[in-house]
Amino acid sequence: MIEFIDIRKIYHQGEHKIVALDGVNLHVKAGEIFGVLGQSGAGKSTLIRCVNQLEKPSSGYVRVNGQEITSLSGVALRQARQRIGMIFQHFNLLSCRTVAENIAFPLEVIGYSKLRRKAKVEELLALVGLEGKANAYPAQLSGGQKQRVGIARALAGEPNVLLSDEATSALDPQTTRSILELLRDLNQRMGLTILLITHEMGVVKQICDSVAILHAGKVVEQGSVSDLASQPDSLLAREFFPRSHNYIPRPGTVLATVAFANESARNSIFTTLTRRFDIDVNILNGSVETVGDRRVGQFQVELAGIKVTQALEYLHNSEYAVEVH
Ligand SMILES: Nc1ncnc2c1ncn2[C@@H]1O[C@H](COP(=O)(O)OP(=O)(O)OP(=O)(O)O)[C@@H](O)[C@H]1O
Ligand SMILES: [Mg+2]
């Protein structure tokens with residue numbers, strides 16, 4: 001649905017050149033929720049703004065739904081943009097317009113009649129759970145309600161892609177969860193492809209199918225969230241499952257990280273190891289997380305006993321990923 005091909009973006013500030021994006025290649029599949037994770041200044045906003053051409057890449061191109069958007073201008077670009085909704089961290093609502101008027105705004109631009117606008121606005125208000133708020137002004141709404149207006153407005157043009165730039169960063173954790181649930185619901189019910197950027201791991205954990213980690217304008221890791229979370233050495237897993245780094249294994253023991261991402265795999269594996277191989281398992285650190293609809297876990301363990309090598313082999317040959325330190 002969205003392809004970034006060798007995107008570079010260079011900003012010029014006087015004498016200085018700032019390389020915001022440095023050869024980004026990404027492929028967002030239709031119907032998925034794709035997260036771009038990265039620290040402040042990594043280039044996330046620049047990247048997402050290339051999708052609707054709020055930002056023109058210095059080189060490379062972006063394709064949306066098979067159409068190369070980077071070569072469009074004028075009417076063709078406006079039409080393409082209509083199929084790409086966007087929501088923002090600070091909502092960007094017009095404070096002098098009511099909720100209904102804010103949502104109707106893009107419909108006015110594309111020339112809907114007053115009657116059609118009214119019907120569409122009612123449908124959108126119901127979709128985002130804001131029935132009864134049509135005549136309220138943004139100042140009378142909570143942050144979560146404002147973002148629901150933002151979402152309704154973004155969906156007015158019946159887009160197949162929704163871009164979200166830190167849409168929950170200004171919200172408290174509970175409101176964040178409800179907005180993320182709404183996005184997941186819209187994704188599932190309407191097949192809406194969502195590209196969202198965030199610096200919060202929790203957002204990726206709760207709703208993303210795939211993720212790319214951006215660092216200094218480069219993609220340093222990408223893939224399915226549950227696959228990456230179950231690889232002990234991935235950057236994502238390191239964020240999901242913090243390790244204790246300064247542990248010195250006792251003499252005669254083996255320090256290992258054991259990861260799994262399968263329903264049938266569980267932490268009771270350690271009981272199995274103890275019984276089968278007569279080894280001692282000392283759990284140093286670890287947890288099990290729900291990622292999408294999978295249970296993903298990672299444990300740091302210290303193993304001791306004569307059959308440790310066989311136990312590690314057994315883990316390798318089953319559905320576990322093991323890293324010996
Ligand atoms: N209009 C601009 N002019 C000059 N430099 C810019 C401009 N916009 C962004 N940059 C620079 O490009 C780099 C990437 O910025 P960008 O806003 O894409 O980062 P970000 O990952 O979205 O960060 P944040 O999490 O803080 O929003 C930064 O070094 C930033 O200073
Ligand atoms: Mg940003």
Side-chain angles (χ1 to χ4, degrees), residues 2-28 33-64 69-70 73 77 81 84-93 143-144 146-147 150-151 153-154 159 161-173 175-177 179-180 183 193-208 210-223 225 228 234-236 238-240:
I2 310 171
E3 284 170 287
F4 296 91
I5 299 145
D6 225 4
I7 297 291
R8 278 173 66 80
K9 175 71 188 184
I10 296 162
Y11 292 109
H12 296 273
Q13 258 183 355
E15 304 272 283
H16 291 289
K17 274 201 326 191
I18 299 164
V19 183
L21 296 172
D22 193 4
V24 171
N25 289 287
L26 285 179
H27 186 178
V28 179
I33 302 186
F34 192 108
V36 176
L37 193 61
Q39 289 173 347
S40 186
K44 306 182 297 297
S45 294
T46 306
L47 182 72
I48 209 167
R49 289 161 65 86
C50 286
V51 179
N52 54 9
Q53 294 292 283
L54 288 178
E55 219 53 91
K56 284 249 178 232
S58 309
S59 64
Y61 51 98
V62 181
R63 260 193 235 128
V64 181
I69 198 145
T70 19
S73 59
L77 179 58
R81 274 185 179 148
I84 305 169
M86 188 163 186
I87 54 176
F88 308 88
Q89 179 174 4
H90 298 295
F91 324 119
N92 296 11
L93 303 179
K146 283 182 202 163
Q147 195 55 286
I151 293 170
R153 181 186 54 187
V161 168
L162 179 69
L163 308 175
S164 163
D165 189 346
E166 300 277 6
T168 56
S169 296
L171 305 174
D172 63 64
T175 312
T176 292
R177 267 197 301 280
I179 292 294
L180 294 178
L183 292 179
T193 305
I194 302 179
L195 175 61
L196 67 82
I197 64 178
T198 183
H199 61 272
E200 288 173 287
M201 185 54 73
V203 171
V204 173
K205 208 183 277 183
Q206 193 182 332
I207 64 163
C208 292
S210 300
V211 68
I213 300 178
L214 202 61
H215 180 75
K218 285 192 161 83
V219 174
V220 289
E221 186 169 285
Q222 63 170 308
V225 174
L228 289 174
S234 76
L235 295 171
L236 194 76
R238 277 163 195 247
E239 292 283 334
F240 269 21

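Counting convention: from 1, in listed order, for ligands and their atoms alike. Scope of the values below: all heavy atoms of this structure, side chains included, with no hydrogens, waters or symmetry mates. All figures in this text were calculated on a predicted structure; none of them were measured in a lab.
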Starting from atom 29 (O) of ligand 1, find the nearest protein heavy-atom neighbour and note its residue, name and distance. Ile18 CG2, 3.8 Å

Protein contact of atom 17 (O) of ligand 1 - nearest heavy atom, named by residue and atom, plus distance: Ser45 CB, 3.8 Å

Under 4.0 Å from one or more heavy atoms of Ala42, ligand 1 contributes atoms 19 (O), 21 (O)

For a 4.5 angstrom cut-off between non-hydrogen side-chain atoms, does Leu195 reach Phe4? yes

Does His199 come within less than 4.0 angstrom of ligand 1, counting non-hydrogen atoms of the residue? no

Start with the C-alpha gap between His199 and Glu166, add the side-chain angles, then the distance that decides, and say whether side chain to side chain donor-acceptor pair (under 3.5 Å) holds. CA-CA 8 Å; His199 61 272; Glu166 300 277 6; 3.0 Å; yes

Leu26 side, atom CG; Ile5 side, atom CD1 - distance, nearest 0.5 Å: 10.5 Å

With heavy atoms of Gln13 as the reference, note each atom of ligand 1 found under 4.0 Å away. 4 (C)

Contact between Gln39 and ligand 1, counting heavy atoms under 4.0 Å? yes

Counting only N and O atoms by type, is there a donor-acceptor contact under 3.5 Å from the side chain of Glu221 to the main-chain atoms of Leu236? yes

Of all protein heavy atoms, the one nearest atom 3 (N) of ligand 1 is Tyr11 CD2, 3.6 Å

Does the protein place a non-hydrogen atom closer than 4.0 angstrom to atom 31 (O) of ligand 1? no

Ligand 1 contact by Gly43, heavy-atom criterion under 4.0 angstrom: yes

Please confirm whether Lys17 makes a cation-pi placement over Tyr11, using NZ or CZ under 6.0 Å from the six-membered ring centre and within 45° of the ring normal. no

Can you list, by chain and residue number, the protein N, O or S atoms under 2.8 Å from the Mg ion (ligand 2)? Ser45 OG

Side chains of Gln53 and Leu77: does their closest heavy-atom pair fall under 4.5 Å? yes

Got a second to check how far Gln89's CD is from Thr198's OG1, nearest 0.5 Å? 9.5 Å

Of all protein heavy atoms, the one nearest atom 23 (O) of ligand 1 is Gly41 N, 2.8 Å

Side chains of Val19 and Leu21 in contact at under 4.5 Å (non-hydrogen atoms): no

Pairwise distance SG(Cys50) to CZ(Arg8) - rounded to 0.5 angstrom: 12.5 Å

Closest non-hydrogen protein atom to atom 25 (O) of ligand 1, residue and atom name please, with distance? Lys44 NZ, 2.7 Å

Value rounded to 0.5 Å, distance of CZ in Arg63 from CD1 in Ile69: 12.5 Å

To which protein heavy atom is atom 26 (O) of ligand 1 closest, and what is the distance rounded to 0.1 Å? Ser40 OG, 2.5 Å

Closest approach of any protein heavy atom to atom 15 (O) of ligand 1, naming residue and atom: Thr46 OG1, 3.8 Å

Is the closest side-chain heavy-atom distance between Leu93 and Arg153 below 4.5 Å? yes

If you round to the nearest 0.5 Å, how far is NZ of Lys44 from OG1 of Thr46? 9.5 Å

For atom 12 (O) of ligand 1, what's the nearest protein heavy atom and its distance? Ala20 CB, 3.5 Å

When rounded to the nearest 0.5 angstrom, what is the spacing between CD1 in Ile197 and CG in Leu214? 9.0 Å

